[in-house]
Amino acid sequence: MTNGTSADEPGIHGKKPIQTAFARPGHTLLKTIISFVLYIAVYYYFFQDNLKWLVMLTAVILLHEAGHFIAMKGFGYKDVRLFFVPFIGAFVSGEPKIVSQRQRIVTLLAGPLPGMLAGLLFFILFLQNHQPVYYQLSFVLVMLNAFNLLPVTPLDGGQLLENLFFRSSGRIQLAFLIASAVLLFYLAVYTRNYFIVFVVWLIVIRYRKISTVYEVRNELDNDNLGYSKNYDELTDEEYMATRRIMIKHVKALKQYDPEIVSPDEEDVVAYLNKVLIPPVQNEITVQEKIIIIVVWIVLLVIPFVVYSKYSVRYILA
């Protein structure tokens, strides 16, 4: 970040940067492979006596994240990345070509739904021949994906509810994050799985980041500066005015000069895109929301219906 740019340089004061000038570095596939190898190595170190379960767990996570990945690619997301995190799982990130509520919902469900269906298929195979391996595969597929559908952020279920109902209200979204953190912390204590506390920590970080975004938006409202638009729709004057407010509120941007555009504005532009609220395309209707919620509830209930009558001896076989 060079703040020592001369004020005499042409166009440096108030010219909005071209967003495509900040292309992220490549080597995405290499980073994915490295994260996957590290993921396998850590799990092997701790669970080398349970290789069968390690292979099952890894296969289920791969199937789950592949669903998200394929959906994002199908919808034309840019910079789609897959990373593995030991004891947490994996995640896929990407930048949508358009802001579409419908595409976002489909992308979220594309992770757990294939795994749930595959788990039910293995359960049917188990009912036909009573081979424990089919029950175990079914159990891991269904339970892991059902857990991911719990209504807490950052799990798919929590993001699903956020996208359906909460994004229009900042206070409700923040309250939902607090409730998610409390529920997950209770789950960590109740199950004595303290790796979940790491997820709680991630929620706290997200809460703080979203709170700062709303602080910026509140000041923009006070100054009658609109932010319900795309980056390309901003004028140079709007860019500079919004930029000043962001630098005032966001610690990570303090190194920038509020009055002079830096040759390296990548962080400013990235944060500005979090502040802006582009018009949403393909919004979900009330009827569609009802259908999605019914499907979500059914998927959550499946584990109780399917496995309640069967002994844990099949899992331990």
Side-chain angles (χ1 to χ4, degrees), residues 24-74 77-95 107-119 122 133-150 152-160 180-181 183-185 187-189 191-206 209 299 303 315-316:
R24 291 184 178 182
H27 310 298
T28 299
L29 178 60
L30 178 60
K31 292 176 182 177
T32 299
I33 293 173
I34 292 174
S35 70
F36 180 69
V37 171
L38 178 62
Y39 173 90
I40 293 296
V42 171
Y43 269 113
Y44 180 78
Y45 178 80
F46 285 99
F47 305 110
Q48 53 187 289
D49 294 331
N50 296 287
L51 289 181
K52 180 176 70 173
W53 287 101
L54 173 58
V55 171
M56 286 185 184
L57 179 63
T58 303
V60 171
I61 291 175
L62 279 172
L63 176 62
H64 180 100
E65 299 304 333
H68 291 313
F69 188 92
I70 292 171
M72 286 185 180
K73 282 291 190 180
Y77 278 51
K78 297 181 295 182
D79 196 29
V80 180
R81 300 180 174 204
L82 169 61
F83 293 102
F84 293 85
V85 183
F87 303 113
I88 299 298
F91 66 91
V92 178
S93 63
E95 299 176 6
T107 300
L108 285 169
L109 290 176
L113 192 56
M116 298 286 280
L117 294 176
F122 279 114
V133 65
Y134 291 138
Y135 184 90
Q136 292 163 357
L137 282 167
S138 172
F139 186 84
V140 175
L141 280 161
V142 171
M143 295 302 292
L144 188 64
N145 284 287
F147 175 81
N148 205 264
L149 284 170
L150 290 175
V152 292
T153 300
L155 301 179
D156 290 337
Q159 294 188 62
L160 182 73
S180 297
L183 286 172
L184 281 178
F185 184 78
L187 183 63
V189 174
T191 61
R192 296 184 180 181
N193 183 355
Y194 295 107
F195 292 114
I196 299 177
V197 175
F198 177 71
V199 180
V200 175
W201 177 67
L202 294 178
I203 295 175
V204 172
I205 293 176
R206 187 180 181 196
K209 289 182 177 179
L299 292 175
I315 301 176
L316 302 176

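The structure displayed is predicted, hence computed values, not measured ones.
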**Minimum heavy-atom distance Ala188-Val197, with the two atoms named** = CB-CG2, 3.9 Å
**Complete:** For Leu299, the side chain to side chain contact (heavy atoms under 4.5 Å, CB included) test, sequence neighbours excluded, returns Leu113, Met116, Leu149, Val295, Ile302
**Request:** For the residue pair Phe84 and Thr58, establish whether any side-chain heavy-atom pair is separated by less than 4.5 Å.
**Result:** no
**Item:** Where Ile61 and Ala90 come nearest, the two heavy atoms and their spacing
**Value:** CG2-CB, 3.9 Å
**Asked** Are the side chains of Leu137 and Met56 in touch, meaning some heavy atoms are under 4.5 Å apart?
**Response** yes
**Request:** Can you see which heavy atom on Leu141 is nearest to which on Val60, and at what distance?
**Result:** CD2-CG2, 3.6 Å
**Request:** Determine the minimum heavy-atom distance between Leu109 and Pro114, stating which atoms define it.
**Result:** O-CD, 4.0 Å
**Request:** Could you tell me the separation between the CG atom of Leu62 and the CG atom of Leu57, rounded to the nearest 0.5 Å?
**Result:** 9.5 Å
**Prompt:** So, do Leu160 and Asp156 sit near enough that their side-chain heavy atoms are less than 4.5 Å apart?
**Reply:** no
**Request:** Identify, with sequence neighbours excluded, every residue that meets ring-ring contact (aromatic ring centres under 6.0 Å, His included) alongside Phe147.
**Result:** none
**Request:** Mind checking the CG-OG spacing from Asp79 to Ser93? Nearest 0.5 Å is all I need.
**Result:** 6.5 Å
**Asked** What's the spacing between Arg81 CZ and Met72 CE if we round to 0.5 Å?
**Response** 12.5 Å
**Fill in**
Heavy-atom nearest pair, Gly119 first then Ser138, reads O-OG, 2.7 Å
**Prompt:** Looking at side-chain heavy atoms only, is the closest gap between Leu82 and Phe36 below 4.5 Å?
**Reply:** no
**Item:** Taking every non-hydrogen atom, the tightest pair across Pro86 and Tyr43
**Value:** CA-CE1, 4.3 Å
**Message:** I need the Thr107 OG1 to Phe69 CZ distance, nearest 0.5 Å.
**Reply:** 12.5 Å
**Request:** Take the angle between the ring planes of His68 and His64 and call it parallel below 30°, perpendicular above 60°, tilted in between.
**Result:** perpendicular
**Message:** With a 4.5 Å cut-off on side-chain heavy atoms, are Phe122 and Gln136 touching?
**Reply:** no
